[in-house]
2 protein chains.
Amino acid sequence: MRKVIEGVTEMLLNRNIKPSYQRIKVLEYMMNNRIHPTVDQIYSALQNDIPTLSKSTIYNTLNLFIDAGLVRLITIEENETRYDIDTSNHGHFKCVECGEIYDFSINIDDLEAKGISNFKINDKNVYFRGVCSKCHKM
Amino acid sequence: MRKVIEGVTEMLLNRNIKPSYQRIKVLEYMMNNRIHPTVDQIYSALQNDIPTLSKSTIYNTLNLFIDAGLVRLITIEENETRYDIDTSNHGHFKCVECGEIYDFSINIDDLEAKGISNFKINDKNVYFRGVCSKCHKM
DNA sequence: TATATATTTGTAATGATTATAAATTAGGAT
DNA sequence: ATCCTAATTTATAATCATTACAAATATATA
């Protein structure tokens, strides 16, 4: 049995999203750069490929992807919205020194959450803040 | 042995914050209304007591409290910053129907976070989103 | 090819937060 | 009590991210 790697165009079509050039490029960028980018990072990176690109398009596209479950919003800091192509359950660590966001695996479902029984839970988020090993050495 | 209840004025003095009228009122509000309020909620609630109150003061005061470790920032939604007087380790649940934020207790330290060994962790945050039992019934 | 629809773009509007400077308040020294 | 200094509050302007909107462009269909 062979695992078929889903291309970005197929990813979009599977979710009934028309694969326009801009959408393909944004999704491609997120697949290839797993850095939980901000809108500005995506915008800057794609300007070579799409000189006429508008920031509105990035916002539109990302909101579309979120609704389709293709990407996830990360709001560790109030002023800095980031987007994650990895929608599986995992935690995020933000280094307050270098600003980088690291993924870590965590079994959130193992935890018992007292006080919210009978609540319908849609999504779970875990994020830590601190200093990463790289910055800690210095 | 008797548990001495710390008054808001003492809470401020203990952290070397001058207990001005505005600061006392903001802290008092947060102690008496454990609803993870927004700046606007605090502002509206205090206008009877302090008719000349400015929103800048609320922002200044809350930032001061955060630096002093008196309150904690909650950023579940990107556009909606909330403040929590309970700085102990606990989780937050936001109901997408009624908007209310519930506390729940959770032992985050029981979890093993793979991939960030040797990282210095300053704070841990857990938040869930979904529908609360009240809204779910309807 | 013509027409309808979807997408992208650029600009303006919105809203939350911060910056700044003036006004007010509080505290200490005389 | 009065004066002086420093801290705090206030009001306004500035900033910045995001959304709204309408025109322009591209795409699909008949």
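Please read all numbers here as calculations on a predicted model, not as lab measurements. Just so we're on the same page: letters track the sequence lines, and every chain starts at 1.
- Residues Leu70(B) and Leu12(B) have side chains in contact (heavy-atom distance under 4.5 Å, counting atoms from C-beta outward).
- Of the residues near DNA chain D, Thr57(B) and Lys55(A), the one whose nearest nucleotide (by heavy atom distance) lies more toward the 5' end is Thr57(B).
- In this structure, the CD1 atom of Ile17(B) is 15 Å from the P atom of dA7(D), given to the nearest Å.
- Atom P of nucleotide dA16(C) and atom CD of Glu77(B) are separated by 14 Å, given to the nearest angstrom.
- A salt bridge (charged side-chain N to carboxylate O under 4.0 Å, His left out) with Glu100(A) is found for one member of Lys134(A), Lys94(A), Arg82(A), Arg34(A) and no other, namely Lys134(A).
- Remark: Thr81(A) is in phosphate contact with dT18(D), judged by side-chain N or O atoms under 4.0 Å from OP1 or OP2.
- Taking the six-membered ring for Trp and the full ring otherwise, the centers of Phe128(B) and Phe119(A) sit at least 6.0 Å from each other.
- When side chains are defined from C-beta on, Leu53(B) counts as touching Ile58(B), because their heavy atoms get closer than 4.5 Å.
- When the nucleotides dT10(D), dG10(C), dA16(C) are ranked by their closest atom to the side chain of Asp40(B), dA16(C) comes out on top.
- Side-chain atoms of Tyr127(A) and Ile101(A), non-hydrogen and from C-beta on, never get closer than 4.5 Å to each other.
- One atom, CD of Glu78(A), and another, P of dC16(D), lie 15 Å apart when rounded to the nearest Å.
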Distances under 3.5 Å only, N/O to N/O: pair up the protein atoms with those of nucleotides 25-29 of chain C.
none

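- The side chain to side chain contact (heavy atoms under 4.5 Å, CB included) check on Asp109(A) picks up Asn89(A), Lys124(A), with sequence neighbours excluded.
- Counting non-hydrogen atoms under 4.0 angstrom, Thr52(A) reaches the backbone sugars and phosphates but no base.
- In this structure, of dT17(C), dT9(D), dA17(D), it is dT17(C) that holds the atom nearest to the side chain of Tyr59(B).
- Atom CG in Leu46(B) sits roughly 11 Å away from atom P in dT10(D) (whole-Å rounding).
- Note on Asn63(B): only backbone sugar-phosphate atoms sit closer than 4.0 angstrom, heavy atoms only; bases stay farther off.
- Following rounding to the nearest Å, Asn60(B) (CG) and dA21(C) (C1') show an atom-to-atom distance of 13 Å.
- If you measure from atom CG of Asn16(A) to atom P of dA6(C), you get 14 Å, rounded to the nearest angstrom.
- Proximity of Thr57(B) to Val26(B): side-chain heavy atoms (C-beta onward) are nowhere separated by under 4.5 Å.
- Of the candidate nucleotides dT19(D), dA17(D), dT9(D), dT9(D) has the atom lying nearest to any side-chain atom of Arg23(B).
- Asp110(A) CG: more than 12 foreign heavy atoms inside a 6.0 Å radius.
- Using a 4.0 Å cut-off, some side-chain N or O of Gln22(A) falls inside it from OP1 or OP2 of dT9(C).
- In the interface, the side chain of Ser56(A) is paired with the base of dT11(C) through a donor and an acceptor atom under 3.5 Å apart.
- The distance between atom CG of Leu64(B) and atom P of dT18(C), rounded to the nearest whole Å, is 13 Å.
- Contact check, Ser20(A) against dA6(C): no side-chain N or O comes under 4.0 Å of OP1 or OP2.
- Put simply, CG on Leu62(B) is 14 Å from C1' on dA16(C), counting in whole angstrom units.
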